[in-house]
Amino acid sequence: KIEVSHQLISTGNIVIDSIVTFYIHKAHINNIKFEHMLHLPQALPLTDVEICSLLGNICSNALEACQKITQDNAPKYIQLIIKPYRESLIIHSENTCNNIFNIKNGNFLTTKKEHTEHGLGLNRINNIVENAGGFMKIETSRNIFKINIVLPLTITDDDCSKNQKLQKRTGCVNIIQTAFSLICAV
């Protein structure tokens, strides 16, 4: 008897669909619940390579954290939310973990023994977010790891003067900061 349990995601963005589908399947075979809410704007503020790196690292880290949980009957879940909010894109990931972190000078470092081969994921995520003009915040609480990202959506109004574009960008940054404080307060 062949048992196939493979959920296919179809947001219209093949990169996001492929990554999320892959990690939903990996979570399923590892008995990890994977919840998702994906609402994408027409245009994303990242290239396909950046999306692949960002989501791949987020999902890979979440999956590995859940796999490290050793307590019997401890919940294992991953939650991924991607949605637009005003002129920004919100990415929220939350997962259970074993509450063991390696933090130095406020930076999360790998807990793996092979330090030279691992531990670059969060730095890569942060670089992508910063290069896109966004904000990222990591929170930990009892056995929960959260990463919140807010990215500005591109301003594409070619008819704007430089001053109007600057005003729109400033307004967008204010909206992003407001959205960031709202999602981090949850």
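By convention here, the first residue in the shown sequence is residue 1. All values below come from the heavy atoms of this structure, side chains included, with hydrogens, waters and symmetry mates left out.
Taking every heavy atom of both residues into account, Lys26 and Ile29 meet most closely at O-CG1, 3.2 Å. What you find for Pro45 and Pro152 is that their closest heavy atoms are CB-O, 3.2 Å. The nearest pair of heavy atoms linking Leu46 to Glu50 is CA-OE1, 3.3 Å. Closest approach of Phe34 to Val20, counting heavy atoms only: CE2-CG1, 4.3 Å. Summarising the geometry of Thr96 relative to Pro75, their closest heavy-atom pair is OG1-O, 3.2 Å, with the distance given to 0.1 Å. When all heavy atoms are compared, the tightest approach of Asp17 to Gly12 is OD2-N, 3.4 Å.
Note: Thr21 OG1 to Ile9 CD1 = 5.0 Å, rounded to the nearest 0.5 Å. Ile16 CD1 to Leu44 CG: the interatomic distance, rounded to the nearest 0.5 Å, is 5.0 Å. Distance NE2/His92 to CD1/Ile149: 11.0 Å, rounded to 0.5 Å. Expressed to the nearest 0.5 Å, how far CG of Asn57 lies from SG of Cys52 amounts to 9.0 Å. Interatomic distance, Leu153 CG to Ser88 OG, rounded to the nearest 0.5 Å: 6.5 Å. Put simply, CD1 on Ile125 and CG on Leu54 are 5.5 Å apart, with the number rounded to the nearest 0.5 Å.
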Please step through side-chain contact (heavy atoms from CB on, under 4.5 Å) for the pair Ile82 and Thr11, ending with a clear verdict. CA-CA 11 Å; Ile82 303 174; Thr11 64; over 6 Å; no
Full working for side-chain contact (heavy atoms from CB on, under 4.5 Å) between Ser53 and Ile128: CA-CA 9 Å; Ser53 183; Ile128 291 168; 3.7 Å; yes
Do Ile78 and Cys66 pass the side-chain contact (heavy atoms from CB on, under 4.5 Å) test, and can you show the C-alpha distance, the side-chain angles, and the key distance before you say yes or no? CA-CA 8 Å; Ile78 299 168; Cys66 287; 3.9 Å; yes
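Inter-residue side-chain proximity for Pro41 and Leu89 is flagged as met; some heavy-atom pair is nearer than 4.5 Å. Residues Ile32 and Asn95 form no side-chain contact, since every pair of their non-hydrogen atoms from C-beta on lies 4.5 Å or further apart. You'll find the side chain of Lys68 stays beyond 4.5 Å of the side chain of Cys97, heavy atoms only.
Here salt bridge (charged side-chain N to carboxylate O under 4.0 Å, His left out) pairs that include residues 71-83, with residues two or more places apart or in two chains, number zero.
Qualifying side chain to side chain contact (heavy atoms under 4.5 Å, CB included) partners for Asn61, counting only residues two or more places apart in sequence or in other chains: Leu122. Under the side chain to side chain contact (heavy atoms under 4.5 Å, CB included) criterion, Glu35 pairs with Lys33, Gln79, not counting sequence neighbours. Every residue two or more places apart in sequence or in another chain was checked for a side-chain hydrogen bond (donor to acceptor under 3.5 Å, both in side chains) with Asn127, and none qualifies. In this view, Gln71 and Ile69, Ala74 satisfy the side chain to side chain contact (heavy atoms under 4.5 Å, CB included) rule, not counting sequence neighbours.
In this structure, Ile14 is a member of the same hydrophobic cluster as Leu80, with clusters built from ILVMFWY side-chain heavy atoms closer than 4.5 Å.
In this structure, Ile81 belongs to a hydrophobic cluster whose other members, linked by side-chain heavy atoms under 4.5 Å apart, are Met37.
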